[in-house]
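Lettering of chains follows the sequences in order, A, B, ..., and the numbering in each one begins at 1.
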Number of protein chains: 2
Amino acid sequence: MKTYPHNVKTIKSENRALIFNYLRRKPTSRAEISKGSGMSKSAVTMITNELIHDGQIVETNSAPSARGRKSILLDIVADYRVAAGISLHRKHIYVCIVDLKSRILAYASHKTSDWNNPYRLMDDAYREICGFLEELNIPKERCLGIGVSAPGPLDYVSGVMMSSPEFELFHNVDVRSYLQNKSGMPVMLDNNAVLLAMQQSLSNQYPYKNFIFVVVSNGIGSAVINNGTVYRGFRGFAGELGHTSIHANGIPCSCGNAGCLEKYISIQALQEKFGIPSYEKVVDDAYMGDHEANRILEYIADEFSCALGNAINLFDPDGVIIYGQFSYRPEKLFALLQEKVNRRSVITRTHPVEISYSRMQPDEASASVCSAIINRYFEQKL
Amino acid sequence: MKTYPHNVKTIKSENRALIFNYLRRKPTSRAEISKGSGMSKSAVTMITNELIHDGQIVETNSAPSARGRKSILLDIVADYRVAAGISLHRKHIYVCIVDLKSRILAYASHKTSDWNNPYRLMDDAYREICGFLEELNIPKERCLGIGVSAPGPLDYVSGVMMSSPEFELFHNVDVRSYLQNKSGMPVMLDNNAVLLAMQQSLSNQYPYKNFIFVVVSNGIGSAVINNGTVYRGFRGFAGELGHTSIHANGIPCSCGNAGCLEKYISIQALQEKFGIPSYEKVVDDAYMGDHEANRILEYIADEFSCALGNAINLFDPDGVIIYGQFSYRPEKLFALLQEKVNRRSVITRTHPVEISYSRMQPDEASASVCSAIINRYFEQKL
DNA sequence: TCAAATTTATGGTATAATAGAACTAATAGA
DNA sequence: TCTATTAGTTCTATTATACCATAAATTTGA
């Protein structure tokens, strides 16, 4: 249900966003954009020339063509703007400056146990951002804003972090207001699974149009990308895969539910159940043919496939991408997962649903903290 | 990721759709539409006058106002167009003609066991539709198309029914092509849960913006409405709640999975487990204070709340609406469900998620078979 | 009863954006 | 060098809206 009207002015900004959606994936010619998007050539010319004039895009080399005049590729000007990012993790905090192509221009990572004062933490991070911008000689006006990522429950609409077991001391910290007032820049708070999924969606590593992105670390979070946009639900809390129950009367979880996936396949859970030293060790042993190690992988695949199968049955994706822990030598586990998911999910009877591991590089993942800010720029809802 | 461009012409059709979205809910004045939608008064006047001229809407009585000129309410002309519907159930087939306000103008229901020849079935249904149109003196041109609903797995994009345990003999029946060729009208095939959810969404019975609609009959299906539109997933198979597993190693299901919700709370399952004569009897007994009957309700709520909690954790809705079987004297069961879901779902820690039973009337539900066709008309993507 | 205030609806004009056609530019191959 | 082909630009007609002024209808209160 669309509640905003369209007028002559919105046309242009929507079409501009459409053009950016091509360019940010790869350099593209005017002709190709016109054909792909359905816009007239003249409209594409008009908009792109304006963007060139502004310095937002440039003409790069020309692309070979079978016959006729070569096309001139247009490309994003990566450093037209930058974005700052603050990534909160359980044991460290990561601060970075990122360009429009998600390349990291500056970063720092600090260990921290000082969760007592989230405001001081934000102060420090903001000071660091200012320092980076100065070093890079980038005036504040060229910084689009600050993206903040956190693993815990948060309200992305209001920009407030809620209390969680992991971040005990973050009781309704209004990250957005605080940082926005301090910096005078737009601030966007988001869940790290959502941000990573956005980044993955853009990376073209997998061709999925509708995928579930699962982040396995201490907890298990997820996000769903539906035709290129994040499925948010009512308040943006969608995707709590880790607290999905696979045993209605199973192991009690701190969340109040019983049988939560996290209680079965998180590293902590595996350590408790099997006494393993590390997941990597188990995988290495499994490849060496160790029976017990293979049994553990089988167990993980069994439990995980149940939760994944459920999510697939509900979301009907064309792919599932798993990020984090299980990406270590993933072939063996993923073969098992695929097989078991195929058995469990009725959706896979109608079309294949590929279970893949994320090939995102560490720096891409780090840069993802800015992806909401950068997306906002490219949408240019002027 | 929008892939169609906007031009001067699309503006108008989108704004017209915006106006219809107000009018189909309730009669509304031009002024109110203008304020609510953000469109200028002149644009609203322009479009509505055109629609009046076409006979698509009319001015009705004027609405009282505190001060100043009374506003003139505009209303849909319900019989400007009609839609035909064919609803396939396991043991009967339902055929109807519906107006733009989802009022049933003609209908018939037939018992049938003749699933041997789905084409003859469609032939019969289409003949009946033609008969109805003749009786009602409605020329074929005024019929928007034929909506077809079925409970089994189907591809709404291509309009093909797939084989399922319930409809064994429907092996890839191309309902759309067959009926479209026969009738020369647009044909839309859809899942009955989706159609009911669309109808519910329009009915304004509940204020939810993002709800999960669950249909409990022989199987358990569901559909998710996200900001007024159906969440479809990759190929429209989303919402297989009934084959969501709540016991990873539970009762084997014909779908290949184990522990599917259907295997626990479907009437058949309850009869097998508890030997009950009918669900209604159990409920009546429970209200009379019967201990065993209350135990059964508790059991249902336990199992159901697990699947619902999972779906809520994944979709983050503001409400869940349950339709069908459990709507019989629902207060007792729904109180239990609400309590258990609140315990199981982490989402309910952040905002309330109401578990309600659908108050849709039987005729509304029957008319829902046409809701995709009618929605298509009101969207008027000209 | 009548004027002021208020709200609804309409009409005219300026503006913005696109489509489409005609045109120029560049390129490969015969 | 000529031709077919594709890329990109420019100009004009079209279309839809916003904005402003105005008209119409209604209530309030003097």
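The CG-C1' distance, from B/N49 to C/dA9, rounds to 9 Å in whole Å. Here C/dA9 presents its P atom at 9 Å from CD1 of B/I33, a figure rounded to the nearest Å. Residue B/K12 contributes atom NZ, which lies 19 Å from atom P of C/dT18 at whole-angstrom precision. Nucleotide C/dA26 holds its C1' atom 13 Å from the CD atom of A/E59, rounded to whole Å. Straight-line distance from the NZ atom of A/K70 to the P atom of C/dG29: 11 Å, rounded to whole Å. Counting to the nearest Å, the P atom of C/dT18 and the NZ atom of A/K9 are 14 Å from each other. Atom C1' of nucleotide C/dT7 and atom CD1 of B/I72 are separated by 12 Å, given to the nearest angstrom. What separates CE of B/M46 from P of C/dT8 is a distance of 20 Å, to the nearest Å.
Annotation: B/Y206 is not in aromatic contact with B/F211 [ring centroid separation under 6.0 Å not met].
Within the structure, every pair that satisfies the salt bridge (Lys or Arg N to Asp or Glu O under 4.0 Å) test and touches residues 39-68 of chain A, not counting sequence neighbours, is listed here: A/K12-A/E50, A/R30-A/E59.
Pairing for C/dA30 is with D/dT1, a Watson-Crick or G-U wobble pair whose two hydrogen-bonding atom distances lie under 3.5 Å.
Ring planes of B/Y80 and B/Y377: tilted class, angle from 30 to 60°.
The side chain of B/S71 lies closest to C/dT8, out of C/dT8, C/dA17, C/dG12. Taking the side chain of B/R30 as heavy atoms from C-beta on, and the options C/dT18, C/dA9, C/dT24, the nearest nucleotide is C/dA9.
With sequence neighbours left out, the side-chain contact (heavy atoms from CB on, under 4.5 Å) criterion links B/A197 to B/F213, B/A223, B/I225.
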Test log, rule side chain to side chain contact (heavy atoms under 4.5 Å, CB included), inputs A/R25 and A/N204: CA-CA 8 Å; A/R25 276 159 211 280; A/N204 289 334; 3.3 Å; yes
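Projected onto DNA chain D by closest heavy-atom contact, A/N7 and A/T45 fall at different nucleotides, the more 5' of which corresponds to A/T45. Nearest-nucleotide positions on DNA chain C place A/M39 closer to the 5' end than the other of A/G68 and A/M39. Heavy-atom distances to DNA chain C give each of B/E32 and A/R69 a nearest nucleotide, and the one nearer the 5′ end belongs to B/E32.
Among the atoms of the strands shown, base atoms are found under 4.0 Å from some heavy atom of B/K41. If you check every strand for non-hydrogen atoms under 4.0 Å, B/L74 touches nothing. Contact annotation for A/S34: no contact, since no heavy-atom pair falls under 4.0 Å across all strands. Across all strands, A/S40 comes closer than 4.0 Å to base atoms (heavy-atom distances).
Side chain to side chain, B/E32 and B/S71 fail the donor-acceptor criterion of an N or O pair below 3.5 Å.
In 5' to 3' order, the nucleotides of DNA chain D bounding all contacts with chain B (an atom under 4.0 Å from a heavy atom) are D/dT15 to D/dT27.
Residues A/R176 and A/D155 are not paired through a salt bridge, judged by the lack of any N-O separation under 4.0 Å between the basic side chain and the carboxylate.
Considering only heavy atoms from C-beta on, A/I374 comes within 4.5 Å of A/R24 through its side chain.
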